[in-house]
Amino acid sequence: MKKSVFFGALTLAGLGAGVAAAGTLDDVKARGKLNCGVTTGLVGFAAPDANGEWKGFDVGVCRAVAAAVLGDATAVEFVPTTGKTRFTALASGEIDMLARNTTWTFSRDVDLKFTFVGVNYYDGQGFMVPKELGVSSAKELDGATVCIQTGTTTELNLADFFRANNISYEPVPIETNAEGQQQYLAGACDTYTTDASGLAATRATFENPGDHVLLPEIVSKEPLGPLVRHGDNEWGDVVRWTLNALITAEELGVTSTNIADMSAAPGDNPEVNRLLGTEGNLGEMLGLSADWAKNAIMAGGNYGELFEQNIGESTSIGLARGLNAQWTDGGLIYSPPFR
């Protein structure tokens, strides 16, 4: 299992170094389109709708970056990636950034040579089981068959949890969430394990969601967020501060509905003015237009709007903010200042 997580580290590092030297920001501007790596399909986070248009929380981050850089939130090519293919796609330059339920870990940062620009969802690994199984705790899963995506941190966490609790399991390897859902519903595995948010999103698509329960155990830390290649700091800054702009906008009360008025008539909050480009030269520092952050926020709303529209409690996914509340509300979502 360890091999699959670190597969191709040296190759990826070598590929990434060559691509980064070219300057991704200039490449995206010249191409007129952002190539953004996403999951193969996880409702609420990244999935094509009935018309083939990509929607979701992670999709919103991609569109915000496209709007910041190109002034057009639709100038995005979404590239579906699996747990195994996502890192090769980023290192090789096939995609400019990855926004795909990907956990920030030491080895991915240091060994695979990627730069995580922040966290857009604080998560943890959980377990889903059919209600009829009669299980109320993951510690009762001794001897269970477990659907598990290969090439993920989930594999190692699963092994650690069962070993620590002196219980055994039989893995049922899967490549994509769609395959995992199919296998789980077909009874090929007793439980499906992945990030708790992913389980909630998957369960929401079931014909009878109430027939399945998420067990109480959260067995890991899974800080999920967008990432870019090492060695291209200019591009990393653009993606990092676009995410920060969405977070800061929510904190400062800037929304997709009031942003036009706030830009047209700057108020007395200097950080809001700097964020929206009516004061200072933050856009110039990034190599972008003065209204880069305004464009990013208008693409789909601030962080809170993106959360509520795609995965919040009013959606079928039904996720509470929890750790993903603003720091001012007791959560972990926090942006450095715009100054």
Side-chain angles (χ1 to χ4, degrees), residues 1-5 39-47 56-58 82-84 86 100-103 105 121-224 311 315-320 322-324:
M1 285 182 284
K2 186 175 182 180
K3 182 179 180 183
S4 68
V5 175
T39 182
T40 51
L42 183 62
V43 172
F45 285 89
F57 186 61
D58 288 332
T82 68
K84 282 186 173 180
R86 55 184 164 174
R100 187 207 172 279
N101 308 82
T102 297
T103 304
T105 69
Y121 194 93
Y122 288 94
D123 211 345
Q125 184 174 331
F127 297 86
M128 177 168 61
V129 298
K131 185 177 289 185
E132 65 180 17
L133 198 62
V135 172
S136 59
S137 166
K139 295 177 182 179
E140 299 171 17
L141 292 173
D142 191 17
T145 49
V146 185
C147 281
I148 179 87
Q149 285 191 52
T150 54
T152 64
T153 56
T154 317
E155 285 185 297
L156 298 178
N157 296 334
L158 178 66
D160 287 350
F161 176 77
F162 275 77
R163 180 180 175 185
N165 287 282
N166 197 30
I167 54 179
S168 64
Y169 69 97
E170 181 182 338
V172 178
I174 56 171
E175 289 283 337
T176 66
N177 185 66
E179 183 187 352
Q181 175 178 323
Q182 181 183 30
Q183 293 283 77
Y184 171 77
L185 290 175
C189 50
D190 300 312
T191 180
Y192 185 18
T193 184
T194 188
D195 299 335
S197 65
L199 293 177
T202 299
R203 183 175 64 170
T205 67
F206 291 174
E207 188 174 339
N208 298 299
D211 291 346
H212 305 268
V213 296
L214 303 187
L215 299 179
E217 286 84 3
I218 298 295
V219 302
S220 68
K221 291 187 296 184
E222 306 293 331
L224 310 176
I311 57 177
T315 70
S316 61
I317 314 299
L319 294 172
L323 293 178
N324 298 293

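Counting begins at 1 with the first residue of the sequence.
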Test item: side-chain donor near acceptor, Ser197 and Asp123, under 3.5 Å: yes

Which residues satisfy the salt bridge (charged side-chain N to carboxylate O under 4.0 Å, His left out) test with Glu175, sequence neighbours excluded? Lys84

CG on Asn157 to CD on Gln125, rounded to 0.5 Å: 4.5 Å

Taking all heavy atoms of Pro173 and all of Thr150, pick out the closest pair and write down the distance. CB-CG2, 3.8 Å

I'd like to check Ser136 versus Leu215 (side-chain heavy atoms, cut-off strictly below 4.5 Å). Are they in contact? no

Is there a donor-acceptor pair closer than 3.5 Å between any side-chain N or O of Thr315 and the backbone N or O of Ile317? yes

From Glu170 CD over to Asp190 CG, what is the distance, rounded to the nearest 0.5 angstrom? 9.0 Å

Can you tell me which residue pairs pass the ring pair (Phe, Tyr, Trp, His ring centres under 6.0 Å) test with a partner in residues 127-152, sequence neighbours excluded? Phe127-Phe161

How close do Gly151 and Glu155 get, heavy atom to heavy atom, and via which atoms? N-OE1, 3.2 Å

Kindly indicate whether the side chain of Leu141, heavy atoms from C-beta on, has any atom under 4.5 Å from the side chain of Thr191. yes

Ala204 versus Ser316, closest heavy-atom pair with distance: CB-O, 3.3 Å

Once you round to the nearest 0.5 Å, how far does CD1 of Ile148 lie from CG of Leu158? 4.5 Å

Are His212 and Tyr192 close enough that their ring centers fall under 6.0 Å? no

Nearest heavy-atom pair of Leu319 and Ala200: which atoms, and what distance? CD2-CB, 3.8 Å

So, Arg86 side chain and Gly83 main chain: donor-acceptor pair closer than 3.5 Å or not? yes

For the pair Ser168 (side chain) and Asp142 (backbone), establish whether a donor and an acceptor sit closer than 3.5 Å, ignoring hydrogens and angles. no

Plane angle bin for Phe45 and Phe57 - parallel if under 30°, tilted between 30 and 60°, otherwise perpendicular: perpendicular

Nearest-0.5 Å distance, CD of residue Gln181 to CG of residue Leu42: 9.5 Å

With a 3.5 Å cut-off and no angle check, do the side chains of Ser137 and Glu217 form a donor-acceptor pair? yes

Which atom pair, heavy atoms only, marks the closest approach of Arg203 to Val213? NH1-CA, 3.8 Å

Any side-chain heavy atom of Thr154 sitting closer than 4.5 Å to one from Gln149? no

Counting C-beta onward and ignoring hydrogens, is there a side-chain heavy-atom pair between Val146 and Pro171 closer than 4.5 Å? no

Side-chain heavy atoms of Thr103 within contact of Pro223, under 4.5 Å: yes

To the nearest 0.5 angstrom, please state how far the CD1 atom of Ile167 sits from the CZ atom of Phe162. 4.5 Å

Check whether any side-chain heavy atom of Lys131 sits under 4.5 Å from a side-chain heavy atom of Asn208, and report yes or no. no

Enter the distance from Asn177:CG to Asn101:CG here, rounded to the nearest 0.5 Å. 8.5 Å

Less than 4.5 Å apart, any side-chain heavy atom of Asp211 and any of Glu132? no

Within the side chain of Asp195, is there an N or O that forms a donor-acceptor pair under 3.5 Å with the backbone of Gly124? no

